[in-house]
Every structure is written in structure tokens, then in C-alpha cells.
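This report refers to the structure that appears directly beneath it.
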Amino acid sequence: MTNLLEIEKVSKSFGQVKANDEISLEVAPGEIVALLGENGAGKSTLVKSVFGLVKPDSGVIRINGKVIEPGDTASAIANGIGMVHQHFQLVPVMSVTENLILGDEPRKLGVIQMKEARNAAKAISERYGLDVDPDAIIEDLPVGMAQRVEILKALRRDVKLLILDEPTAVLTPQETDELLDVLRNLAKRGVGILFITHKLREVMAVADRVVVLRNGKLVGTTSPKQSGEAQLAQMMVGREVVLRVEKSQAKPAAPALKVTDLQVLDDRKLEAVRGLSLEVRSGEILGVAGVEGNGQRELVEAICGMRNRVGGTVFIEGVELPNLSPRAAHDAGISHIPEDREKHGLVSSYSIADNLILNTFDKAPFAKGWIRNHDAIAKNGITLVASYDIRTPSPNLPASSLSGGNKQKTVVARELSQNKKVVVAAQPTRGVDVGSIEFIHNQLIAARDKGSAILLVSAELDEVLSLSDRIAVIYGGKIVATFDSKSADRAEIGRLMAGSNA
Amino acid sequence: MKRLPLSGVLIPLLSVLVAMFFGGIMIAVQGINPLYTYEVLFETAFLSFDGISVTLAKATPLILSGLAVAICLRAGLFNIGAQGQLISGALASAWAGYYFVGLPTLIHIPLALLFGATFGALVAFIAGALKAYRGVHEVITTIMLNSMVIAIADYLASTPFKEPDQPLTRTPAIQDSARIPDIFGLPFGFFIAIAFSIALWWLLRNTTTGFRIETIGRNRNAGWYAGISVKRVTILSMLVGGSIAGIAGAIETLSITGRFEPAFNAGLGFDGITVALLGRGNPLGVIPAAILIGGMRASGSTVQFKTGVSPEIVDLLLALILFFVTAPLLARLLKRRHENVAITSGWSN
Ligand SMILES: Nc1ncnc2c1ncn2[C@@H]1O[C@H](COP(=O)(O)OP(=O)(O)OP(=O)(O)O)[C@@H](O)[C@H]1O
Ligand SMILES: [Mg+2]
């Protein structure tokens, strides 16, 4: 069979960083190829080159034997390449149909043919078995649905090759399974698929072939049949990775964070947290397990002072936190790893060093009174970049130059290096490679052992199960059950998460 | 923080050149040699001591009004109201300049400047507070405030503050003790303006307040997360911008016009928008931008006299510059070429 996509000796450098170094790889029609690699290995750069978002320094990219114009998305699209970006590119206030036609509206005499567009949207979602309501407004949709709209958008033109960059990072396990089904279906229709993920389970589930990058080089090709998860992890990182968390027995002390009868509204002013109470003691990790959208985000933001509490109280070591003051929460001893690193966690045009002091910029040693101390900021940048293994040639580069996972590590480094009494970690390992997950988990456990109270909120049930000392299940804005992690039963937690009160 | 210096200078430079190219076509259409026109313009504005002196005098209020816009841009605010803030400051300083009699110069000038700053800030405060507490867009409020300030200033200069016993709508002339002198033939106000530019640049870079302003300008949400009071910083930035615009009006009054008259100061605040954008929102970039535009303003009439080109050509050139410096086109062209070097958008996020 001839290859659908041929990448031949593609290289790309950013300054001194060789993001891609003579990479060659092929994708056949109907084949699902998973692209694996550490954070900063060059995966996004490679697929962006294929889609024309990045212009390679050298090398050739062919679709069905035809060379596509380097650095030109129009050429990529015309040749049947579709791409789903890690960050949604949808307009939240518009409907599904409107988003699908955006930029390429069907017109008659300059007037957009909405009815036609709607029918087309319906037809295409049926054709691919992607069930989406064409009239729904994007911001009302759960993430998994929005993701489908992204895929539909990519598929709208006759797509031969579909690229997905970490499509499952924000999906629930169930949504992920549905997405994997969609991918299998597309492959059956002959669409070639190139997708990036850090989750080995997904690779094992759908990939026909696995390609591993490390430091910009292709270090191996294998398949789920030949290599297991542990082997894949080792290929990526170049060393053995402990996929299971190893931790000692927690020695919890007095309660550090106490939330009582908390009530919080979501962005649409609907009650998202309804009278929730919880308690985290110093020296323990309380994991909140739940399907996304059950009030986790609102809970975290309300604790950290970023969202209005319409009822209830938050105490840190017996001192009540004022409402709506992130500053007060911080000063009272809360570290917050926010779930959305691009929106809240980083200023992407600031240097990495400035991002590493984003919420301590006015504290010693980073400021002496009113004056910023650039030396201390630079030194802190160098130290944290080294100790948290943030892959960059220099902490003076803007955060926008970091790969996704390294951005996450930057936020984690900033928050965990402050040794606060309470750590609120929302999706702390989202988009992070297996080696760095291990590292971040160890850091969280180290913080626990130093006496921090840690509230872990994660969409990864495995992460919650393996890291927590106690597990609280959240459903409909309330904690419906709390378990000791040793007595926790995965199946039962799953049932509770789904809302059955067994 | 780090920006590619190349694009910071290249885009403004290119936009000036492209504007001059299109402006040149318009000049040629009038049957006049554009190269000769530009030569005369350049000669008049920059090639003699007198020329430079006039240019710098014209540039002085533009540096300040440019700063007034630039500081707000850094906080993510578009201060279209420099004009109103400047007029408010001009009138207040004119009043302080004529009302207080018998003060020593060393007290009178700073006092009049303080009046200008305060009343400029007052106008800006209204827009800042409405933005912070009511979410009203600053572009709308500052435009409305411009009209209100102009109307109020007209009234004040025609009734309570009017110079008695003569028909014109204007305030009395300021006392000699409030006059800002030239030094070595150069306008003293120019040095004040430069000092403001350097001070603002330094403050933005080196103080925690500067960091707060930059942070909310680049990513408001991250600023909120980091514990910065977005409301307070919004108001503060408008206050700083307004007081600098007020000082622009005050210096113009105390060194050039010597009194307040409604027709004075026309467009100084609006040119400040062009200056700030051409200077890419950088307090230091504002200086060359203001000198360039000041030079064009200074030599307009000479150019008309010598070449016969209509005087609107200066406004046309400024409009073209504004167009090209804001059009994303040039930036995108450049970005393509340099995409392997991280270019960040500076103050715009
Ligand atoms: N615009 C840029 N400017 C400078 N360096 C960049 C830029 N984009 C990427 N890089 C660098 O190139 C390397 C590869 O980045 P890339 O985004 O391809 O990694 P990745 O494999 O997708 O990682 P992740 O799993 O974290 O998303 C990294 O070292 C990154 O810092
Ligand atoms: Mg990536």
C-alpha cells in the first residue's frame, strides 16, 4: 500500500533548541499512529509542520506522494489534512453550526446560507457517528462535546489525514473512550490518524503503530503488540519509570483546611457547589474524585478566593478566609495549581523567570519594598528550571516558547516551591509526560511529608486513587462519600461518581 | 518581558516608510516632487538649531500625551481621553498661573503643574472608576469625557475665568512667575517630558507596581489569580495617564500659550494616540515617535510655503502612519520571517 503521509528528514530549530532533528515517518491510509515523547520532545512541532503552522528548516512532507508547501496551512488543508488543536479554537458564544462554517461560510449572493450549513453539519455528524446538536451553543456543551465539534470542524472538508494534539488531556475517561471509538471508525473509513498523547492506556487501546520521539529525534517505532506500557515509558524517558506511586504512610496532624457548607455559583449563575463540607489535615492528601463538571472547578476557585462564595466558610488553620481575595488566600498559606494554566497560571509573554514569581513578585527576596530584585528573580528562575526539569535553554525566554507540559511544570514549580501550609492542586499533571508525572507526584508527596495539607482535584481517577490518603467523591456539588484510600473500592467510587447512592 | 528588539523598531520604522511612500503618491498627484517635499520637511524640522528648537517644543506635549496613552496601553486600557485630560490640565494650570500673584517662580511653576496633573487625573479617574466598578468600556467613557471637558472648559473660559474687559473667550495671561523659560534656546518642558519617559520606563521595569500594571495588561485573569487587584490597578493606571496628560496641557500653557483659550491644544491628545502606538506602548519609544511627529507638525507651514503642497499633507501622513502601525499586516509579514525567534506581542495580549 502506498503511504498517505510521508515525512522525510524534517528538521526544525528554535534558537539553540533542535525541536525536530531529521525525523522521518509514514502514516498509511486507515492507520492510527500514536506519537509519544517527553514534554518538549518535539511532538507538537512535528505535527505543526505537517499542518503548515510551522515551517521546517529542512525536509519534505508529502501527502499521497504530493509535496505540500512548507509553512502553509492552506496547502495542508487543500491536501486533505485536518488538525484538532490541544486548545479549543471554538467561539464559545456561537452555535455548533456557526462554529463549523466559520471562515468558510456557504454563501449565496454574499448571504450566508444558514439552513444549508445546518443540514451539512447534521449530515457530517451523522456520517461519522459523532452525535452533536447543530444548534447547541458551544459554551453550554461539556468538554467532550466541544471536542467533537473540533473534530467535525477538522473533518468538514474531505479529510484524509487527521492530526490530534493531546485530544484527551481535558476529557473524562468516558469521553476518552468515546473519542477512541470515533478514531477507530474514522480509520475504518480509510482516514489516516496521527495523534499525540501522554496516556499510555490510550496508546495501547487504539494505536496500530507507536512512534517515540526524544530530544527532537525519532528513537523508535513499535506497536502495542510488541511493547507494553512500561516499555513505552522507558522508550520515551530513556530510563525506567515507576508507573505506580510509592508512598509511605501519612502522618496527618491537625486540620489545616476546613470548608463548611460551601455554596458557589458557576459562570452561568447556576448553583455548582451546594453546601459542600470537607477537611484536609496537615500531612495528608485528600483526593477529590468526580466526573468533570460536578463543581470541582468552582470548589477550587472559591477556596482560593477567586470565585464568590454565596454561602459557607473556608478556614485555614482556624482563621477564616475573606471572600473574593486571592491575595488573602495566598497570604493565609494556600498554594494553588490552577486547572487552566494558560488562562490563570501563566502570562505567556512574560519570561519563565517572571512566571515563576507571578504571585510572589512583591515578597522578599523578589522585591525589596517597592523595588523588584531582578537578581533574585533570575536566580530563582535558574534554580527552579533545574530542579523541576523545565526544558528550556534559558529562563529568560518567554513562557510561550515552552512546550505544553513544560508550561505545566513551570506552574507546579512555582506553587510547590513555596512550601505553603495548604496546596490546592487542580489537575496537576494535565498534559505532562509519564516521567514528569512521576516527578510531580513525588513532589506532592514530599510536600505532604513536610506537613502540607494537600487537596488534590483530578479528572484522572487513577491519579486520585494512587496519590490520595483519603478520597472524597464529589457529585452534584456535594461530597457524597469519603473513603480511606486503603479501603477504597474502585468500582464503588465509580458508581458514586456516576450519581448512584449505593 | 523580553521582546525581540528588532520587531519593536522595525515595525514602526517600516510603517513610517510605507506611509511616506503612499503620502508621496498623494503629493505627486498634486504635481509636486515628493522627494523635494520630504527634503524640505526634514531640513526645516531637524537641520537647524531653530528648527530643532521648534520641533522639540512641538514634541514636548506629544511625548507626554503619548505617555498618557502608553501607560494605559500597558495596563490593557485604551485611553482615548488624553485630549480631555490635557485640556482639563491646561485650564487648571492657566487658572493657577494667573490667580496666584506674588509667588516665587520655583513655587509657582510646580504648583501650576500640580494643578494640571490633578485635574487631568480627575477626568481620567472617572473613566477608570467606571471601568473598574461598573465594567463600562474606557473607550466609550473617555470619548464622552472628551466632549464634556471641552464644553465645560469653554464655559469656564467664557464666564467665571474669563479675562475681563475684552471680547475673546480666554483666561487672563499667566503671571510671569509661572512662565516656564527656555534653557539654552531649548524648551525646558522638553527635558521634563524626557524625565517622565525615563522615569516611567524605569518604574514599569523595576517596581512591583509596574509589574502589576504589566501583568493585568497582558493577562487579566492571571493577574487576578496572582492576587493583583485588577480594579485598583485599572484606576491607578488611568490616574497616572490622566495626570501625565494634565501635565502635558500645563507645560503647553506655561511655556507656549501663556493662557487658556479653547482653540489652543487642539489635537495634542489625539496625536498622543499616534505617538503611543508608533512608540509601541514603550515609554522610551514614545520619545522618537513624538519628535518625528513634532517635526512634521513644526515644519508643515514651511513645507507648504516652499513647495506649495497643501498643509493637510501632514495630517494625511499621520493618518497613514497610524494606519500602518496598527494594521496587523506588517507585523504578520515580519512574524513569518522571524517565526523561529519567539516574538511576543508586547503589551497586547
Ligand atoms: N515558538 C517557540 N520558540 C522557542 N522554542 C520553542 C517554540 N516552540 C517550541 N519550542 C521548543 O521546542 C521544543 C519542542 O517543543 P514541542 O512543543 O514540540 O514539544 P512537545 O513534544 O509537544 O511537548 P509537550 O508534550 O510538552 O506538549 C521545546 O524545547 C520547546 O521549548
Ligand atoms: Mg505539545
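Proteins come first, then strands; the chains are lettered A, B, ... in the order of their sequence lines, and each starts at number 1.
- Contact annotation: the side chain of B:Thr208 approaches that of A:Arg372 to within less than 4.5 Å [non-hydrogen atoms, C-beta and beyond].
- Nearest heavy atoms, A:His344 versus B:Tyr225: O-CD2, 3.2 Å.
- Residue A:Glu342 touches chain B through its backbone alone, counting heavy-atom pairs closer than 4.5 Å.
- Surrounding NZ of A:Lys363 are more than 12 heavy atoms belonging to other residues, nucleotides or ligands, all under 6.0 Å away.
- Every residue two or more places apart in sequence or in another chain was checked for a salt bridge (Lys or Arg N to Asp or Glu O under 4.0 Å) with A:Asp375, and none qualifies.
- More than 12 heavy atoms of other residues, nucleotides or ligands lie within 6.0 Å of CZ in B:Phe191, so this atom counts as buried by the packing criterion.
- Of the two parts of A:Leu324, the backbone and the side chain both hold a non-hydrogen atom closer than 4.5 Å to a non-hydrogen atom of chain B.
- B:Phe211 has its ring centre no less than 6.0 Å from the ring centre of A:Phe366.
- Ranked by heavy-atom pairs shorter than 4.5 Å toward chain B, the options A:His330, A:Glu301, A:Arg414 are led by A:Arg414.
- The two residues B:Thr207 and A:Ile371 have their closest heavy-atom pair at CG2-CD1, 4.2 Å.
- Sparse packing is recorded around CZ of A:Arg297, with 12 or fewer heavy atoms of other residues, nucleotides or ligands lying under 6.0 Å away.
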Exercise for the section: Give the intermediate values and the outcome of side-chain contact (heavy atoms from CB on, under 4.5 Å) for residues A:His374 and B:Asn206. Expected result: CA-CA 8 Å; A:His374 293 295; B:Asn206 294 309; 2.7 Å; yes
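- Looking only at side-chain heavy atoms (C-beta outward), B:Leu203 and A:Trp370 come within less than 4.5 Å of each other.
- At least one side-chain heavy atom of A:Asp362 sits under 4.5 Å from a side-chain heavy atom of B:Arg212.
- In this structure, the side chains of A:Phe361 and B:Thr215 stay at 4.5 Å or more apart for every pair of heavy atoms.
- Residues B:Ala222 and A:Leu358 come closest through the heavy atom pair CB-CD2, 4.3 Å.
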